[in-house]
Amino acid sequence: EDNTVCATKLISSNILKFSSKEIATELTRISDSLFSKIKPNEFFKGLFAKKDKEKTSPNICKVVDRFNISSFWVIEEVISYDHSKDRAKIIEKFIDILNELKNLNNFCDCMSIVSALGQMILTRLDKTWKKVNSKTMATLEKIKNVCNFKNNYKNMIRLTTNLFNI
């Protein structure tokens, strides 16, 4: 958990200085670390959704907290800039990171960034979105289609099933 916050703070202050691949790789490393700690009994009888979930499913709670921290980080990064041109650059950077995450099959962090970019605080920035490159916007739409919850995440399930030839 502390590693997540520290890594996010480091990247936040330098997001344009790192390559999108480096950022995506670091996010994936952190996610992998958190997911690997989840024990099967944390899923038992939906304990992760109960009142005392921090005791019964601590690692699932850490993954959920990380998802939320990552989403807020994206939003904070974008709105920290005063000019729409600068915000558009940051959005383009996150879409590039999103594409790298998809290439790494890190759909949890993809969902986190897609969720953040879809929040009202960002979607209402019309001048900013108009300055985002159309090719980059097409990439975002493709990834949003993969992360879409329609039909119980059918597109994501199809993609991950193909990864493992199931």
Side-chain angles (χ1 to χ4, degrees), residues 1-15 17-80 90-91 93-123 139-166:
E1 189 175 271
D2 292 336
N3 289 342
T4 301
V5 174
C6 290
T8 302
K9 284 181 181 176
L10 173 66
I11 293 170
S12 285
S13 62
N14 299 298
I15 190 167
K17 293 180 182 177
F18 291 97
S19 76
S20 297
K21 189 169 190 160
E22 287 174 308
I23 295 171
T25 300
E26 183 63 15
L27 293 173
T28 301
R29 188 195 60 73
I30 293 167
S31 288
D32 182 58
S33 169
L34 290 172
F35 276 108
S36 68
K37 292 177 184 169
I38 296 174
K39 308 279 188 265
N41 64 332
E42 293 188 48
F43 293 101
F44 186 66
K45 294 185 179 180
L47 294 174
F48 58 89
K50 304 287 185 196
K51 193 176 185 179
D52 60 346
K53 61 188 169 206
E54 286 81 14
K55 283 185 181 177
T56 58
S57 303
N59 296 304
I60 291 176
C61 289
K62 286 178 183 176
V63 168
V64 170
D65 289 345
R66 165 109 191 314
F67 182 97
N68 292 330
I69 287 168
S70 296
S71 291
F72 290 128
W73 166 58
V74 172
I75 293 167
E76 186 178 312
E77 278 297 305
V78 174
I79 64 173
S80 70
I90 297 300
I91 288 172
K93 180 69 169 186
F94 276 113
I95 294 169
D96 197 40
I97 293 167
L98 198 62
N99 197 43
E100 293 293 342
L101 289 166
K102 181 187 70 71
N103 293 339
L104 291 168
N105 302 314
N106 180 346
F107 299 107
C108 184
D109 284 312
C110 278
M111 293 286 294
S112 177
I113 293 174
V114 166
S115 173
L117 294 175
Q119 293 297 310
M120 179 74 81
I121 193 167
L122 297 184
T123 60
T139 299
L140 175 61
E141 290 307 314
K142 285 179 188 173
I143 296 171
K144 280 169 66 175
N145 188 41
V146 170
C147 295
N148 194 320
F149 63 87
K150 284 185 183 175
N151 297 321
N152 210 14
Y153 297 98
K154 179 181 159 187
N155 293 335
M156 190 180 305
I157 291 168
R158 186 179 320 133
L159 186 62
T160 55
T161 301
N162 290 340
L163 286 173
F164 299 106
N165 297 319
I166 298 173

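- Residue T28 comes nearest to L104 through the heavy atom pair OG1-CD1, 3.6 Å, listed as atom of the first residue, atom of the second, then distance.
- A distance of 11.0 Å separates CG in D65 from CG in N59, rounded to the nearest 0.5 Å.
- The NZ atom of K142 sits 13.0 Å away from the CG atom of L98 when rounded to the nearest 0.5 Å.
- Side chain of E100 to main chain of D96: no donor-acceptor pair is present (N/O by atom type, distance under 3.5 Å, no hydrogens or angles).
- Side-chain contact between I23 and K93: present, with at least one pair of heavy atoms (C-beta onward) separated by less than 4.5 Å.
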For V74 and S112, what are the C-alpha separation, side-chain angles and deciding distance, and is it a side-chain contact (heavy atoms from CB on, under 4.5 Å)?
CA-CA 9 Å; V74 172; S112 177; 5.7 Å; no
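- Summarising the geometry of D109 relative to L27, their closest heavy-atom pair is OD2-O, 3.3 Å, with the distance given to 0.1 Å.
- Note that OG of S31 is 10.5 Å distant from CZ of F67, once rounded to the nearest 0.5 Å.
- Interatomic distance, W73 CH2 to I15 CD1, rounded to the nearest 0.5 Å: 4.5 Å.
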Derivation of the side-chain contact (heavy atoms from CB on, under 4.5 Å) call for I143 and L101
CA-CA 10 Å; I143 296 171; L101 289 166; over 6 Å; no
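- Rounding to the nearest 0.5 Å places CG of N106 at 10.5 Å from CD1 of I30.
- Pairing each heavy atom of S80 with each of E77, the nearest pair is OG-O, 2.8 Å.
- With rounding to the nearest 0.5 angstrom, the CZ atom of R66 is 6.5 Å from the CG atom of L34.
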Please determine whether side-chain hydrogen bond (donor to acceptor under 3.5 Å, both in side chains) holds for the pair N99 and T139, giving the CA-CA distance in whole Å, both sets of side-chain angles, and the decisive distance to 0.1 Å.
CA-CA 7 Å; N99 197 43; T139 299; 5.6 Å; no
